[in-house]
Q: 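My questions will all concern the structure given below.
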There are 2 protein chains.
Amino acid sequence: MALGKDYATQECSIARALEVIGERWTLLVIRDALYGVRRYNDFLTHLGIPRAVLAARLQMLTAEGILEKRRYQESPPRDEYVITERGIALWPTVRSLGRWGREHFSDTQLRRFEHVDCGTELGAYGECPTCGGVVPVEDVVMVPGTGLDPNPTDPVSRAFLKSKRLLEPIETVPV
Amino acid sequence: MALGKDYATQECSIARALEVIGERWTLLVIRDALYGVRRYNDFLTHLGIPRAVLAARLQMLTAEGILEKRRYQESPPRDEYVITERGIALWPTVRSLGRWGREHFSDTQLRRFEHVDCGTELGAYGECPTCGGVVPVEDVVMVPGTGLDPNPTDPVSRAFLKSKRLLEPIETVPV
DNA sequence: ACGTGTTGGTTCAGTGACTGAACCGACGAT
DNA sequence: ATCGTCGGTTCAGTCACTGAACCAACACGT
(Lines give C-alpha, C1' and ligand atoms only; values in the text may rest on other atoms or scores of the structure.)
Protein backbone atom coordinates (compact mmCIF):
# COMPACT_ATOMS: atom_id res chain seq x y z
CA MET A 1 0.00 0.00 0.00
CA ALA A 2 1.46 3.33 -0.79
CA LEU A 3 -0.20 6.11 -2.70
CA GLY A 4 -3.26 7.29 -0.92
CA LYS A 5 -2.86 4.66 1.74
CA ASP A 6 -0.88 4.17 4.87
CA TYR A 7 -0.96 7.51 6.63
CA ALA A 8 -0.31 5.32 9.66
CA THR A 9 1.15 7.93 11.96
CA GLN A 10 -1.88 10.19 11.69
CA GLU A 11 -4.31 10.21 14.59
CA CYS A 12 -7.00 11.65 12.42
CA SER A 13 -10.20 10.56 10.78
CA ILE A 14 -9.38 12.67 7.73
CA ALA A 15 -6.26 10.61 7.19
CA ARG A 16 -8.31 7.46 7.76
CA ALA A 17 -10.80 8.61 5.14
CA LEU A 18 -8.03 9.40 2.68
CA GLU A 19 -6.64 5.91 3.06
CA VAL A 20 -9.94 4.71 1.61
CA ILE A 21 -10.80 7.29 -1.01
CA GLY A 22 -7.52 9.20 -1.47
CA GLU A 23 -6.03 7.22 -4.31
CA ARG A 24 -6.05 8.52 -7.82
CA TRP A 25 -9.39 8.06 -9.66
CA THR A 26 -11.21 6.77 -6.60
CA LEU A 27 -13.27 9.88 -5.89
CA LEU A 28 -14.17 10.21 -9.57
CA VAL A 29 -15.50 6.66 -9.52
CA ILE A 30 -17.61 7.56 -6.49
CA ARG A 31 -18.80 10.74 -8.21
CA ASP A 32 -19.94 8.72 -11.22
CA ALA A 33 -21.61 6.18 -8.96
CA LEU A 34 -23.55 9.03 -7.30
CA TYR A 35 -24.52 10.27 -10.75
CA GLY A 36 -26.00 6.88 -11.53
CA VAL A 37 -23.22 5.05 -13.34
CA ARG A 38 -23.22 1.36 -12.48
CA ARG A 39 -21.49 -0.67 -15.16
CA TYR A 40 -17.85 -1.42 -15.72
CA ASN A 41 -17.95 -0.28 -19.31
CA ASP A 42 -19.68 2.98 -18.49
CA PHE A 43 -17.11 3.87 -15.86
CA LEU A 44 -14.39 2.92 -18.32
CA THR A 45 -15.49 5.05 -21.24
CA HIS A 46 -16.71 7.99 -19.19
CA LEU A 47 -13.63 8.29 -17.01
CA GLY A 48 -10.95 7.29 -19.49
CA ILE A 49 -9.38 5.30 -16.67
CA PRO A 50 -7.00 2.39 -17.38
CA ARG A 51 -8.84 -0.91 -17.14
CA ALA A 52 -6.51 -2.37 -14.54
CA VAL A 53 -6.96 0.62 -12.27
CA LEU A 54 -10.73 0.56 -12.65
CA ALA A 55 -10.87 -3.13 -11.75
CA ALA A 56 -8.69 -2.49 -8.69
CA ARG A 57 -10.80 0.49 -7.57
CA LEU A 58 -14.11 -1.32 -8.00
CA GLN A 59 -12.81 -4.25 -6.00
CA MET A 60 -11.45 -2.01 -3.25
CA LEU A 61 -14.58 0.13 -3.03
CA THR A 62 -16.67 -3.03 -2.85
CA ALA A 63 -14.47 -4.40 -0.08
CA GLU A 64 -14.78 -1.13 1.85
CA GLY A 65 -18.57 -1.21 1.59
CA ILE A 66 -18.87 1.86 -0.61
CA LEU A 67 -20.10 0.00 -3.67
CA GLU A 68 -22.06 -3.22 -3.85
CA LYS A 69 -21.55 -5.73 -6.62
CA ARG A 70 -24.89 -7.01 -7.78
CA ARG A 71 -25.86 -9.51 -10.47
CA TYR A 72 -28.37 -7.88 -12.76
CA GLN A 73 -28.69 -10.60 -15.37
CA GLU A 74 -27.72 -14.22 -15.89
CA SER A 75 -26.60 -15.49 -19.23
CA PRO A 76 -24.36 -13.85 -19.83
CA PRO A 77 -23.65 -13.18 -16.17
CA ARG A 78 -23.39 -9.43 -15.68
CA ASP A 79 -22.76 -7.48 -12.50
CA GLU A 80 -23.29 -3.85 -11.72
CA TYR A 81 -21.75 -1.76 -8.98
CA VAL A 82 -24.32 0.15 -6.96
CA ILE A 83 -23.41 2.79 -4.41
CA THR A 84 -24.27 1.98 -0.80
CA GLU A 85 -25.34 4.17 2.12
CA ARG A 86 -21.72 4.54 3.07
CA GLY A 87 -20.93 5.83 -0.39
CA ILE A 88 -23.96 8.11 -0.49
CA ALA A 89 -22.69 9.64 2.75
CA LEU A 90 -19.81 11.05 0.73
CA TRP A 91 -22.15 13.35 -1.20
CA PRO A 92 -21.50 16.43 0.98
CA THR A 93 -17.78 15.95 0.45
CA VAL A 94 -18.16 15.52 -3.28
CA ARG A 95 -20.54 18.45 -3.52
CA SER A 96 -18.37 20.85 -1.53
CA LEU A 97 -15.29 19.85 -3.48
CA GLY A 98 -17.09 20.48 -6.74
CA ARG A 99 -18.30 23.86 -5.56
CA TRP A 100 -14.79 24.80 -4.53
CA GLY A 101 -13.38 23.71 -7.88
CA ARG A 102 -15.95 25.69 -9.79
CA GLU A 103 -15.63 28.84 -7.74
CA HIS A 104 -11.88 28.91 -7.77
CA PHE A 105 -10.72 27.26 -10.95
CA SER A 106 -13.51 27.11 -13.49
CA ASP A 107 -14.89 29.86 -15.69
CA THR A 108 -18.06 28.16 -16.83
CA GLN A 109 -20.68 26.30 -14.87
CA LEU A 110 -20.80 22.81 -16.29
CA ARG A 111 -23.67 21.43 -14.23
CA ARG A 112 -26.13 22.67 -11.69
CA PHE A 113 -27.58 20.73 -8.79
CA GLU A 114 -31.10 21.62 -7.75
CA HIS A 115 -33.58 20.58 -5.12
CA VAL A 116 -36.28 18.68 -7.00
CA ASP A 117 -39.09 20.11 -4.81
CA CYS A 118 -38.38 23.77 -5.49
CA GLY A 119 -35.75 24.06 -8.20
CA THR A 120 -33.35 26.04 -6.02
CA GLU A 121 -29.69 25.48 -6.62
CA LEU A 122 -28.02 23.69 -3.75
CA GLY A 123 -25.66 25.49 -1.40
CA ALA A 124 -22.04 24.76 -0.76
CA TYR A 125 -22.50 21.36 0.82
CA GLY A 126 -25.80 20.13 -0.58
CA GLU A 127 -28.38 22.03 1.47
CA CYS A 128 -31.37 23.88 0.00
CA PRO A 129 -31.29 27.62 0.80
CA THR A 130 -35.02 27.93 0.14
CA CYS A 131 -36.31 24.96 2.11
CA GLY A 132 -33.55 25.33 4.65
CA GLY A 133 -32.27 21.85 5.18
CA VAL A 134 -30.09 19.11 3.84
CA VAL A 135 -31.58 17.68 0.68
CA PRO A 136 -31.63 13.88 0.50
CA VAL A 137 -29.39 12.80 -2.34
CA GLU A 138 -32.23 11.16 -4.24
CA ASP A 139 -34.04 14.53 -4.31
CA VAL A 140 -31.20 16.26 -6.10
CA VAL A 141 -31.49 16.92 -9.83
CA MET A 142 -28.42 17.30 -11.95
CA VAL A 143 -29.02 19.88 -14.68
CA PRO A 144 -26.59 20.24 -17.59
CA GLY A 145 -24.98 23.67 -18.00
CA THR A 146 -23.91 25.66 -20.96
CA GLY A 147 -20.24 24.75 -20.98
CA LEU A 148 -20.76 21.11 -21.87
CA ASP A 149 -19.75 19.52 -25.13
CA PRO A 150 -23.12 19.19 -26.91
CA ASN A 151 -22.11 16.06 -28.78
CA PRO A 152 -19.94 13.81 -26.62
CA THR A 153 -18.73 10.45 -27.85
CA ASP A 154 -19.32 8.31 -24.80
CA PRO A 155 -22.86 7.20 -23.91
CA VAL A 156 -22.59 8.32 -20.29
CA SER A 157 -21.83 11.92 -21.17
CA ARG A 158 -24.70 11.75 -23.63
CA ALA A 159 -27.03 10.55 -20.89
CA PHE A 160 -25.85 13.45 -18.72
CA LEU A 161 -27.06 15.97 -21.30
CA LYS A 162 -30.55 15.47 -19.91
CA SER A 163 -31.55 16.47 -16.40
CA LYS A 164 -31.64 13.50 -14.10
CA ARG A 165 -31.81 12.70 -10.44
CA LEU A 166 -28.79 11.55 -8.55
CA LEU A 167 -28.54 7.81 -7.89
CA GLU A 168 -31.05 7.09 -10.63
CA PRO A 169 -29.38 4.64 -13.03
CA ILE A 170 -28.42 6.16 -16.34
CA GLU A 171 -30.03 5.04 -19.57
CA THR A 172 -27.36 4.11 -22.00
CA VAL A 173 -28.92 5.02 -25.31
CA PRO A 174 -27.24 3.42 -28.33
CA VAL A 175 -26.14 5.78 -31.10
CA MET B 1 2.10 15.58 -14.20
CA ALA B 2 0.50 12.34 -13.44
CA LEU B 3 -0.77 11.18 -10.07
CA GLY B 4 -3.57 13.38 -8.92
CA LYS B 5 -3.22 15.56 -11.95
CA ASP B 6 -4.30 15.54 -15.52
CA TYR B 7 -7.85 14.30 -15.49
CA ALA B 8 -7.94 16.15 -18.77
CA THR B 9 -10.88 14.43 -20.36
CA GLN B 10 -13.22 15.25 -17.47
CA GLU B 11 -15.67 18.09 -17.97
CA CYS B 12 -16.08 18.47 -14.27
CA SER B 13 -15.15 20.86 -11.53
CA ILE B 14 -14.59 17.96 -9.16
CA ALA B 15 -11.90 16.64 -11.46
CA ARG B 16 -10.48 20.14 -11.72
CA ALA B 17 -10.36 20.39 -7.94
CA LEU B 18 -8.68 17.02 -7.66
CA GLU B 19 -5.97 18.12 -10.04
CA VAL B 20 -5.08 20.71 -7.43
CA ILE B 21 -5.60 18.91 -4.14
CA GLY B 22 -5.82 15.26 -5.18
CA GLU B 23 -2.20 14.27 -4.83
CA ARG B 24 -0.98 12.27 -1.90
CA TRP B 25 -0.39 14.33 1.28
CA THR B 26 -1.85 17.52 -0.19
CA LEU B 27 -5.13 17.50 1.73
CA LEU B 28 -3.32 16.66 4.95
CA VAL B 29 -1.09 19.69 4.47
CA ILE B 30 -4.21 21.81 4.01
CA ARG B 31 -5.80 20.25 7.08
CA ASP B 32 -2.74 21.15 9.15
CA ALA B 33 -2.73 24.67 7.72
CA LEU B 34 -6.37 25.06 8.76
CA TYR B 35 -5.42 23.81 12.22
CA GLY B 36 -2.81 26.57 12.47
CA VAL B 37 0.40 24.90 11.35
CA ARG B 38 2.58 27.32 9.41
CA ARG B 39 6.22 26.25 9.47
CA TYR B 40 8.07 23.79 7.33
CA ASN B 41 9.43 21.91 10.29
CA ASP B 42 6.05 21.62 11.98
CA PHE B 43 4.46 20.17 8.85
CA LEU B 44 7.41 17.83 8.55
CA THR B 45 7.37 16.36 12.04
CA HIS B 46 3.62 16.31 12.43
CA LEU B 47 2.85 14.66 9.11
CA GLY B 48 5.85 12.37 8.80
CA ILE B 49 5.99 13.36 5.14
CA PRO B 50 9.21 13.03 3.11
CA ARG B 51 11.00 16.36 2.92
CA ALA B 52 11.09 16.42 -0.86
CA VAL B 53 7.35 15.84 -1.09
CA LEU B 54 6.61 18.53 1.48
CA ALA B 55 8.73 21.06 -0.38
CA ALA B 56 6.95 20.21 -3.62
CA ARG B 57 3.49 20.45 -2.03
CA LEU B 58 4.20 23.78 -0.34
CA GLN B 59 5.46 25.22 -3.58
CA MET B 60 2.47 23.93 -5.53
CA LEU B 61 -0.08 25.09 -2.97
CA THR B 62 1.56 28.50 -2.94
CA ALA B 63 1.46 28.66 -6.73
CA GLU B 64 -2.24 27.72 -6.68
CA GLY B 65 -3.02 30.46 -4.18
CA ILE B 66 -4.01 28.12 -1.36
CA LEU B 67 -1.06 28.99 0.85
CA GLU B 68 0.87 32.22 1.03
CA LYS B 69 4.59 32.27 1.74
CA ARG B 70 5.36 35.07 4.16
CA ARG B 71 8.61 36.23 5.71
CA TYR B 72 8.17 36.32 9.48
CA GLN B 73 11.72 37.14 10.48
CA GLU B 74 14.96 38.32 8.94
CA SER B 75 18.28 37.01 10.10
CA PRO B 76 18.07 34.20 9.71
CA PRO B 77 15.47 34.62 7.00
CA ARG B 78 12.47 32.47 7.83
CA ASP B 79 9.23 32.05 5.93
CA GLU B 80 5.92 30.65 7.05
CA TYR B 81 3.08 29.30 4.94
CA VAL B 82 -0.27 30.84 5.82
CA ILE B 83 -3.55 29.57 4.45
CA THR B 84 -5.42 31.96 2.16
CA GLU B 85 -9.12 32.57 1.58
CA ARG B 86 -9.02 30.02 -1.21
CA GLY B 87 -7.61 27.46 1.20
CA ILE B 88 -10.05 28.34 3.96
CA ALA B 89 -12.85 27.71 1.46
CA LEU B 90 -11.85 24.05 1.60
CA TRP B 91 -12.97 23.75 5.21
CA PRO B 92 -16.43 22.30 4.40
CA THR B 93 -14.74 19.64 2.28
CA VAL B 94 -12.21 18.82 4.97
CA ARG B 95 -14.86 18.80 7.67
CA SER B 96 -17.26 16.56 5.80
CA LEU B 97 -14.50 14.16 4.90
CA GLY B 98 -13.42 13.94 8.53
CA ARG B 99 -16.96 13.31 9.64
CA TRP B 100 -17.36 10.57 7.11
CA GLY B 101 -14.10 8.95 8.17
CA ARG B 102 -15.06 9.00 11.80
CA GLU B 103 -18.58 7.73 11.30
CA HIS B 104 -17.60 4.89 9.02
CA PHE B 105 -14.09 3.85 9.93
CA SER B 106 -13.16 5.07 13.37
CA ASP B 107 -14.18 3.73 16.76
CA THR B 108 -13.08 6.61 18.92
CA GLN B 109 -13.62 10.32 18.49
CA LEU B 110 -10.19 11.90 18.31
CA ARG B 111 -11.23 15.54 18.14
CA ARG B 112 -14.39 17.55 18.33
CA PHE B 113 -15.16 20.78 16.52
CA GLU B 114 -17.42 23.24 18.28
CA HIS B 115 -18.96 26.61 17.61
CA VAL B 116 -17.12 29.02 19.93
CA ASP B 117 -20.29 31.05 20.66
CA CYS B 118 -22.37 28.19 22.01
CA GLY B 119 -20.19 25.10 22.39
CA THR B 120 -22.36 23.01 20.09
CA GLU B 121 -20.59 20.40 18.01
CA LEU B 122 -20.56 21.23 14.34
CA GLY B 123 -22.71 19.32 11.89
CA ALA B 124 -21.60 17.28 8.95
CA TYR B 125 -20.20 20.13 6.90
CA GLY B 126 -19.35 22.76 9.48
CA GLU B 127 -22.70 24.34 10.31
CA CYS B 128 -23.95 24.95 13.84
CA PRO B 129 -27.18 23.03 14.60
CA THR B 130 -28.01 25.37 17.47
CA CYS B 131 -27.38 28.72 15.85
CA GLY B 132 -28.49 27.41 12.49
CA GLY B 133 -25.91 28.64 10.07
CA VAL B 134 -22.48 28.12 8.68
CA VAL B 135 -19.86 28.88 11.29
CA PRO B 136 -16.96 31.05 10.10
CA VAL B 137 -13.81 28.99 10.29
CA GLU B 138 -12.20 31.33 12.80
CA ASP B 139 -15.11 30.72 15.18
CA VAL B 140 -14.52 26.98 15.29
CA VAL B 141 -12.76 25.48 18.30
CA MET B 142 -10.89 22.22 18.01
CA VAL B 143 -11.26 20.21 21.22
CA PRO B 144 -9.06 17.17 21.87
CA GLY B 145 -10.90 13.89 22.39
CA THR B 146 -10.23 10.87 24.49
CA GLY B 147 -8.56 8.66 21.91
CA LEU B 148 -5.48 10.82 21.53
CA ASP B 149 -1.99 9.82 22.62
CA PRO B 150 -1.54 11.86 25.83
CA ASN B 151 2.19 12.24 25.37
CA PRO B 152 3.09 12.69 21.71
CA THR B 153 6.64 13.27 20.59
CA ASP B 154 6.15 16.04 18.07
CA PRO B 155 5.48 19.61 19.22
CA VAL B 156 2.47 20.07 16.96
CA SER B 157 0.57 17.13 18.40
CA ARG B 158 1.46 18.46 21.84
CA ALA B 159 0.01 21.85 20.94
CA PHE B 160 -3.16 20.10 19.74
CA LEU B 161 -3.74 18.62 23.22
CA LYS B 162 -5.19 21.98 24.22
CA SER B 163 -8.37 23.40 22.74
CA LYS B 164 -7.62 26.01 20.13
CA ARG B 165 -9.35 27.92 17.41
CA LEU B 166 -8.87 27.00 13.80
CA LEU B 167 -6.47 29.22 11.83
CA GLU B 168 -4.89 30.49 15.06
CA PRO B 169 -1.15 29.79 14.80
CA ILE B 170 0.06 27.02 17.07
CA GLU B 171 2.44 27.71 19.89
CA THR B 172 5.37 25.39 19.59
CA VAL B 173 6.34 24.81 23.19
CA PRO B 174 9.85 23.41 23.67
CA VAL B 175 10.14 20.23 25.72
C1' DA C 1 -20.78 -24.85 -37.05
C1' DC C 2 -18.43 -20.58 -37.44
C1' DG C 3 -17.08 -15.99 -37.21
C1' DT C 4 -18.20 -11.48 -34.98
C1' DG C 5 -19.32 -8.41 -31.24
C1' DT C 6 -20.01 -7.21 -26.33
C1' DT C 7 -18.82 -7.24 -21.55
C1' DG C 8 -15.65 -7.66 -17.98
C1' DG C 9 -11.85 -8.58 -16.93
C1' DT C 10 -6.00 -10.04 -16.48
C1' DT C 11 -1.12 -9.47 -17.83
C1' DC C 12 2.92 -6.99 -18.72
C1' DA C 13 6.58 -3.71 -19.97
C1' DG C 14 7.52 1.22 -19.33
C1' DT C 15 7.03 5.54 -16.93
C1' DG C 16 6.84 8.48 -13.22
C1' DA C 17 5.66 9.72 -8.35
C1' DC C 18 6.75 8.70 -3.73
C1' DT C 19 10.21 7.14 0.03
C1' DG C 20 14.05 7.54 3.09
C1' DA C 21 18.48 8.81 3.76
C1' DA C 22 22.21 11.73 2.89
C1' DC C 23 23.89 16.10 1.94
C1' DC C 24 24.05 21.29 1.91
C1' DG C 25 23.96 26.46 2.88
C1' DA C 26 22.77 30.32 5.90
C1' DC C 27 22.77 31.71 10.16
C1' DG C 28 23.00 31.98 15.62
C1' DA C 29 25.06 30.55 19.75
C1' DT C 30 29.03 29.06 22.50
C1' DA D 1 36.10 27.05 15.37
C1' DT D 2 32.45 24.18 16.18
C1' DC D 3 27.88 22.80 16.89
C1' DG D 4 22.91 23.06 16.23
C1' DT D 5 18.73 24.58 13.73
C1' DC D 6 15.95 25.53 9.84
C1' DG D 7 14.73 24.88 5.26
C1' DG D 8 15.65 22.98 1.83
C1' DT D 9 18.02 19.73 -2.58
C1' DT D 10 19.81 15.33 -4.45
C1' DC D 11 19.65 10.61 -5.38
C1' DA D 12 18.95 5.61 -5.64
C1' DG D 13 15.22 2.33 -4.94
C1' DT D 14 10.40 1.05 -4.78
C1' DC D 15 5.82 1.03 -6.09
C1' DA D 16 1.57 2.74 -8.35
C1' DC D 17 -0.21 4.18 -12.61
C1' DT D 18 -0.48 3.90 -17.90
C1' DG D 19 -1.65 1.94 -22.24
C1' DA D 20 -1.78 -1.78 -25.05
C1' DA D 21 -2.40 -6.52 -25.71
C1' DC D 22 -4.59 -10.59 -24.56
C1' DC D 23 -8.38 -13.59 -22.79
C1' DA D 24 -12.90 -15.96 -21.45
C1' DA D 25 -17.89 -16.29 -21.53
C1' DC D 26 -21.62 -15.74 -24.04
C1' DA D 27 -25.20 -13.94 -27.73
C1' DC D 28 -26.23 -13.44 -32.39
C1' DG D 29 -26.43 -13.92 -37.43
C1' DT D 30 -25.71 -16.94 -41.34
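The shown structure was predicted, so the numbers you read here are calculated from the model rather than taken from an experiment.
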Q: Sugar-phosphate means primed atoms, P, OP1 and OP2; the rest is base. With that split, encode nucleotides 21-30 of chain D 5' to 3' as B, S or - using protein heavy atoms under 4.0 Å.
A: B----SS---
Q: Under 4.0 Å between a side-chain N or O of Arg24(A) and OP1 or OP2 of dA17(C)?
A: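 Checking dA17(C) against Arg24(A), no side-chain N or O comes under 4.0 Å of OP1 or OP2.
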Q: Atom CG of Leu54(A) to atom C1' of dC17(D): distance rounded to whole Å?
A: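 Taking atom C1' of dC17(D) as the reference, CG of Leu54(A) is at 13 Å.
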Q: What is the distance, rounded to the nearest whole Å, between atom CG of Asp42(A) and atom C1' of dT6(C)?
A: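 It is 13 Å, rounded to the nearest whole Å.
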Q: Can you run down the ring-ring contact (aromatic ring centres under 6.0 Å, His included) pairs that involve residues 68-99 of chain A, sequence neighbours left out, and say none if there aren't any?
A: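 ring-ring contact (aromatic ring centres under 6.0 Å, His included) check on residues 68-99 of chain A returns Trp91(A)-Phe113(A).
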Q: Quick one: does NZ or CZ of Arg51(B) land under 6.0 Å from the six-membered ring centre of Tyr40(B), within 45 degrees of the ring axis?
A: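 Not flagged: Arg51(B) not positioned over aromatic ring of Tyr40(B).
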Q: Name each donor-acceptor pair under 3.5 Å that joins a side chain in residues 28-38 of chain A to protein atoms two or more places apart or in another chain, with its distance.
A:
{"unit_1": "Arg31(A)", "atom_1": "NH1", "unit_2": "Gln10(B)", "atom_2": "OE1", "d": "3.3"}
{"unit_1": "Arg31(A)", "atom_1": "NH2", "unit_2": "Gln10(B)", "atom_2": "OE1", "d": "2.7"}
{"unit_1": "Asp32(A)", "atom_1": "OD1", "unit_2": "His46(A)", "atom_2": "ND1", "d": "3.4"}
{"unit_1": "Asp32(A)", "atom_1": "OD2", "unit_2": "His46(A)", "atom_2": "ND1", "d": "2.6"}

Q: Taking only residues two or more places apart in sequence or in another chain, which ones pass side chain to side chain contact (heavy atoms under 4.5 Å, CB included) with Cys118(A)?
A: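 His115(A), Thr120(A), Cys128(A), Thr130(A), Cys131(A).
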Q: Return each pair, listed once, that meets salt bridge (charged side-chain N to carboxylate O under 4.0 Å, His left out) where at least one residue sits in residues 138-147 of chain A; pairs must be two or more places apart or across chains.
A: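 Every salt bridge (charged side-chain N to carboxylate O under 4.0 Å, His left out) pair that includes a residue of residues 138-147 of chain A, provided the two are not neighbours, is Asp139(A)-Arg165(A).
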Q: Going by the rule side chain to side chain donor-acceptor pair (under 3.5 Å), which residues pair with Arg95(B) if we only count those two or more places apart in sequence or in a different chain?
A: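 Partners of Arg95(B) under the side chain to side chain donor-acceptor pair (under 3.5 Å) test: none.
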Q: Whole-Å distance between dG8(D) C1' and Leu44(B) CG?
A: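 Answer to the nearest Å: 10 Å.
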Q: Could you tell me whether the phosphate oxygens of dA17(C), OP1 or OP2, come under 4.0 Å of any side-chain nitrogen or oxygen in Trp25(B)?
A: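 Trp25(B) to dA17(C) OP1/OP2: no side-chain N or O under 4.0 Å.
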Q: Whole Å only: how far is the OH atom of Tyr81(B) from the C1' atom of dC6(D)?
A: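 Interatomic distance, OH of Tyr81(B) to C1' of dC6(D): 12 Å.
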Q: Nearest to the Asn41(A) side chain among dC18(C), dC17(D), dG8(C), which nucleotide is it?
A: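 Among the listed nucleotides, the one closest to the side chain of Asn41(A) is dG8(C).
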